[in-house]
Amino acid sequence: MLESAWGWLIVSYLFLAGAGAGAFIAAVACDLLAPDWSKALARGGSLVAGPLVAVGTACLVFDLEAGLWQPWRQFYLISNLNSMITWGVIVLSLFIPVALLYAAALNEITFVGRIAKKYLRPLEYVGSALAIGTAVYTGILIAVVNGVPFWNTPLMPVLFLASAISTGLAAAMIAAAVIDINTIRTLSNFALGHVIFLSVEGVVLMLLVFMSLTGSVDAAESATMLISGRLSPYFWILVVTLGILVPFVLSIVEYYEYGAMPKHLVVGADLLVLLGGMSLRALIIYSAAPPQIV
Amino acid sequence: MPRYGIAIDTTKCIGCHACQVACQNHNNLEPKEQFNWILEREQGKHPSFSHEFIPVQCNHCEKAPCQRVCPTGAIYTTPEGIVYIRKERCVGCKYCIEACPYKVRILDHGDGIVTKCWLCIDLVRKGGEPACVTTCPNQVRVFGDLADPKSRVSKFIARHRAQPLRPDLNTVPRIFYKRS
């Protein structure tokens, strides 16, 4: 009765929506700030952003019960503006088409892409706002839940935004490597992004755990589960070591050894960031402990 | 309008689970589905110890977190102050289960919707009392109108200084407990 009502579908959704939004931000940042460095990163990021968020949204829909086999009920989802899910539905249904249009524009896919290319800058600005909205929203979704004191903190959206940008950058870099493996040298420039956002993620995660340990008894129960309890092996190995520390060190090396690092290590660091992001979402959902009521 | 609520005297509860069975009976629930159940708490060590039975159910909170987070607007508060689920609007997103601090909402896999205690609104509107209240052999539960200071439940709460579970969670529950 006390196990979490949400399972791996919601975990996947939180991860995919974050990674997709992050990939969009990485693509726009690359196209606006460093168009000469690597076209492949902007192209790769834009190509994966929309599909990642769309697959994540599909996970969300498959997690529904009556809303899945009576799909017309989904129209009710925008009824309550006090609910974060209502806002999420609005943001997602705007972001997915914009992200797909941006991918079409940047890669000049069919006539749609040629038309959209004329509006590249507006697409980038509107899309970035929606991407940040998507990433932050996944954090607010669980931060407003007072049934789980561990989630109920403003640090949650910050953590999810930082994690979304680092996983998104990782997804974009992997896509760029797939498009053109030779650009992997120039990708070293973007390893700095990993260094910055992984450190932000690490600091915010540390704050979240420490604040929870010293806060309410209920939040401390979840935090204890993560650092020394049932979930601690996953937390220390998957999230802290493989998800943050190893890619952080690899990215520093990558940035300073410009282009000299073996290709599989570059892609490996990105895969580890993705693994860490997914594990972080999973552990936050599975460590949910309700308040002690008696 | 009335604001219905229940006061529960845990010192009288013997943990017989009659309330749970009466509720399942009245609401045609499967054996595994429950709208109310009994938590147990033990304090102290033999020979000085106490064992407490605490019946729990939906608190019909004045500021219901489930109602705030429900994206479809399926959850609303009836004029009698009962937090009610419109079955035909629920999509089964389970956000309300996460939001409820008391974890008294259950998923009905058959209909694919979330259900919970509805304070037997069908019986109450006919002038009766909820099944868990009337079935209890020890009259642990006192049902009535919290808005009326002269009702039995209001007097009970005032006399015994009954408190909701975790009032600090600020949801303003309408189930009160006399714990000792």
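Any value given below was found using the heavy atoms of this structure, including those in side chains, with hydrogens, waters and symmetry copies removed. To find a chain, count down the sequence lines: A is the first, B the second, and so on, and within it residues start at 1.
- Only the side chain of Trp69(A) comes within contact range of chain B, judged by heavy atoms closer than 4.5 Å.
- Separating the SG atom in Cys93(B) from the CG atom in Asp63(A) is a distance of 8.5 Å, to the nearest 0.5 Å.
- Only the side chain of Arg179(B) has a heavy atom closer than 4.5 Å to any heavy atom of chain A.
- Taking the side chain as every heavy atom from C-beta outward, Tyr177(B) and Val294(A) never approach each other to under 4.5 Å.
- Summarising the geometry of Pro291(A) relative to Arg166(B), their closest heavy-atom pair is CB-NH1, 3.8 Å, with the distance given to 0.1 Å.
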>> Under the criterion side chain to side chain contact (heavy atoms under 4.5 Å, CB included), I'd like the reasoning laid out for Ile54(B) against Ile293(A): C-alpha separation, chi angles, the key distance, then a yes or no.
In response: CA-CA 10 Å; Ile54(B) 306 132; Ile293(A) 57 168; over 6 Å; no
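- In terms of heavy atoms, Ala99(B) sits closest to Asn146(A) at O-OD1, 3.4 Å.
- Residue Asn152(A): no heavy atom, backbone or side chain, is found under 4.5 Å from chain B.
- Interatomic distance, Gln74(A) CD to Thr72(B) OG1, rounded to the nearest 0.5 Å: 11.5 Å.
- The backbone N or O of Leu141(A) lies less than 3.5 Å from a partner atom in the side chain of Tyr95(B), making a donor-acceptor pair.
- In this structure, the portions of Val144(A) lying under 4.5 Å from any heavy atom of chain B include both its backbone and its side chain.
- Taking each heavy atom of Arg73(A) and Lys87(B) in turn, the nearest pair found is NH1-O, 2.9 Å.
- Heavy atoms of Arg41(B) lying under 4.5 Å from chain A belong exclusively to its side chain.
- Within a 6.0 Å sphere centred on CZ of Phe53(B), heavy atoms belonging to other residues, nucleotides or ligands number more than 12.
- Ranked by heavy-atom pairs shorter than 4.5 Å toward chain A, the options Arg68(B), Glu88(B), Glu98(B), Lys94(B) are led by Glu98(B).
- No side-chain heavy atom of Val69(B) sits less than 4.5 Å from a side-chain heavy atom of Ile85(A).
- Under the 4.5 Å side-chain criterion, counting only non-hydrogen atoms from C-beta, Ile97(B) is not in contact with Trp6(A).
- Interface residue Val56(B): only side-chain heavy atoms are found under 4.5 Å from chain A.
- Partners of Tyr286(A) by ring-ring contact (aromatic ring centres under 6.0 Å, His included), not counting sequence neighbours: none found.
- Contact record, Gly73(B) with Asn80(A): N-CB, 4.2 Å, taken as the closest heavy-atom pair.
- In terms of heavy-atom pairs under 4.5 angstrom with chain B, the leader among Ile10(A), Asn82(A), Val89(A) is Asn82(A).
- The CZ atom of Arg89(B) sits 13.0 Å away from the CZ atom of Phe75(A) when rounded to the nearest 0.5 Å.
- Looking at every heavy atom in both residues, Pro290(A) comes nearest to Lys103(B) through CB-CG, 3.6 Å.
- Only the backbone of Gln67(B) comes within contact range of chain A, with heavy atoms under 4.5 Å apart.
- Listed options Gly88(A), Pro149(A), Gly67(A), Ser83(A) were ranked by heavy-atom pairs under 4.5 angstrom with chain B; first place goes to Ser83(A).
- If you measure heavy-atom distances from Ile78(A) to chain B, the contacts under 4.5 Å come from the backbone alone.
- Contact of Cys100(B) with chain A is made through the backbone alone, with heavy-atom distances under 4.5 Å.
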